[in-house]
Structure formats: C-alpha cells, structure tokens
**Student:** 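Next up is a structure, given as structure tokens.
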Amino acid sequence: MKKRPVDIVVISDIHLGTYGCHAKELIKYLKSINPKQVVLNGDIVDIWQFNKRYWPKSHMKVVKLLMEWITKGVKVHYITGNHDEMMRKFSGFKLGSFSIVNKLVLTVHGKKAWIFHGDVFDVTMQHSKWLAKLGAIGYDTLILINSAVNFFYKKFGRGPVSMSKKIKNSVKSAIKFINNFEQTAADIAIENEFDYVICGHIHQPEIKSIENENGSVMYLNSGDWIENLTALEYTKGEWKLYSYEEDIYIQSYDGASNDPVEMLEKKELFQSLMAEFNDMVASKVSKDQPQKTQ
C-alpha cells in the first residue's frame, strides 16, 4: 500500500482491551499513512477494563505498529486520558522520540495548538469516578450488544447501526454536555490566546470555529475508534478530519491482520508488552552508540 505523507496525526479514544475497539480497522489506517509526528490523545489503552482479560492479537499489533514508528524516530506524544490515567504518574517521561505528557502545546506553522484529552471538563470524573467507571461498563456492554445486532443486520443485507450514537443524538442532556464541553474548551483556549484547541474524550469528531465576546478559536476533536473511527490529520497547512467509513480504498485493503481473536492472560500480556518495550530501548541504544572507526 502506498503510504500518504502526514505532518501530524492525532488519534484518541482507541480503548484497546475493550470489545468495542476497532483495532483491525485502525491497523489498516496506520499502515496507510507516513506521519512525521503522532499525538495519542488519551484513552489509548483502556486500563479500566483490563480485568476482562480481553486482548486480541489485533490489539497487540496496534501497539507494535506504534512502537515501530518510535524506533524509526517518528515523534510520538502520549497524552494521558481518564481510562489510562495510570500513565499520569509517568508524565514527563521521555525516551528517544517518545514522550508521556498530560497536555501538549505544539507550534504548527506559527500557530499554537493546545492539545489535551478533555476529561478535566467532565464533572462526573471529578466528583464521582465510580459512576464514570460504571458508565464505562454499561457503554462497553451496549457496544457488545450493538455488534450482535449488526451481525444479524448484515445477514439480512442491512447496513450497520450505532446504538450509542443514536442515544447520544436523541438525549437532550447528552447534546447539552457536548455543547458545554466544546464551549468550555474554546473559552479557555481563547483566554490563553491559542489558535487551536484539540481534544478527545467525548467521542464526537469535529472541526469548527467557536467564538465568544473575547475572540475565536478553531476547535478540533479527533473522535474515537469505537463508534466513529476517525482521526485528525494536519498536512500542507490544513487540518482535516479522517473518517475510515468514508475511505473505501482502505476498507478494501486486505493486507492488514485477519488473525482470529486470541485471549491473553495478564501475565502473558505484561510479558509481551515488556518484550516490545525492551526491543525499542535496545534499538534506541544501538542507534545512539558512536560507530567505531576502522
């Protein structure tokens, strides 16, 4: 597959380790691009759901692809989210082109982009984390039921449907939450004179200008790889919203993994991740060592 050059790609809310994660589709997308800089904007690995012992090979291949980019020197910023909040204790960690941060400010062609996950605006996360975790379990169950429904829909020649999207779009409180989230992010960005504010968290892909009495800012949200299968791309001075569902060429590409689901125990998972990490470190050390002259 010919890889598209991309200056910056922002991906969030992959939720590796959950039934709803579309890892195989994400693998196809990752294999189709050649990015200079990658921002993983939170909820990449769903640590909240790790007790399920659910980790297919395709989920591990996503991790391996990201690590391949790092070993090749591609800048990868891992911004922590609420589902992978355990990573926040490692904020400030750097290894070669890889870094872990809680928020990020990038200068993009002379303009400042403020990037963070967005759970800081979620009142439930701040005051009732147990309720948020309960909601995550319910959401994952809904996604699992949705998968079963779409399986039968396909049998009868009907297209897929997203139950979670329908619920979000029909419940007034959900719509209000999304609008408040976007406006709050924009207000703070305008106050701090940022040109872009980039979030994830709410699984609502978007690019739009938001104004208040003090000015305006470009608000962007990378969406997710559960419902929308979207990412943000910056190329040739322009931000665009990538949608897997609209990419017919990538959908037809059969070079990605078709491995069957394979369950890994926690110990196996940890060993596999550590092996990948050690290989990455060894590769970096080898590259940094001065070459001996003859």
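Keep in mind that what you see is a predicted model, and the values were worked out from it rather than measured.
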**Student:** Looking only at heavy atoms, what is the nearest atom pair of Asp13 and Ile226, with distance?
**Tutor:**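 Nearest heavy atoms, Asp13 then Ile226: O-CG1, 4.1 Å.
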**Student:** Where does the angle between the aromatic ring planes of Tyr219 and Phe181 fall among parallel (under 30°), tilted (30 to 60°) and perpendicular (over 60°)?
**Tutor:**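 Tyr219 vs Phe181 ring planes: perpendicular.
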**Student:** Which of parallel (below 30°), tilted (30 to 60°) and perpendicular (above 60°) describes Tyr196 and Trp239?
**Tutor:**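 If you compare the ring of Tyr196 with that of Trp239, the planes turn out perpendicular.
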**Student:** If every non-hydrogen atom of Lys236 is compared with every non-hydrogen atom of Asp7, which pair is closest and at what distance?
**Tutor:** N-OD2, 3.5 Å
**Student:** Which is it for Lys112 and Asp195 under the salt bridge (Lys or Arg N to Asp or Glu O under 4.0 Å) test, yes or no, and what are the steps along the way?
**Tutor:** CA-CA 5 Å; Lys112 291 192 296 181; Asp195 299 290; over 6 Å; no
**Student:** For the CD atom on Glu191, are there more than 12 heavy atoms of other groups (residues, nucleotides or ligands in this structure) within a distance under 6.0 Å?
**Tutor:**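 Result for CD/Glu191: open.
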**Student:** Check Leu106 against His77 and note the closest heavy-atom contact, atom names and distance.
**Tutor:**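 The answer is CD2-NE2, 4.2 Å.
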**Student:** Between Asn102 and Thr80, do the side chains contain a donor N or O and an acceptor N or O under 3.5 Å apart?
**Tutor:**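 Yes.
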**Student:** Can we call the ring centroids of His83 and His117 under 6.0 Å apart?
**Tutor:**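 No.
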**Student:** Over 60° means perpendicular and under 30° means parallel, so classify the ring planes of Phe116 and Trp114, tilted if in between.
**Tutor:** tilted
**Student:** For the residue pair His201 and Asn82, confirm or rule out a side-chain donor-acceptor distance under 3.5 Å.
**Tutor:** yes
**Student:** Are Asp119 and Arg88 ion-paired here, with the side-chain N under 4.0 Å from a carboxylate O?
**Tutor:** yes
**Student:** Looking only at side-chain N and O atoms, does Asn179 offer a donor or acceptor that is under 3.5 Å from a partner on Gln183?
**Tutor:** no
**Student:** Is the gap between the ring centers of His109 and Tyr234 under 6.0 Å?
**Tutor:** yes
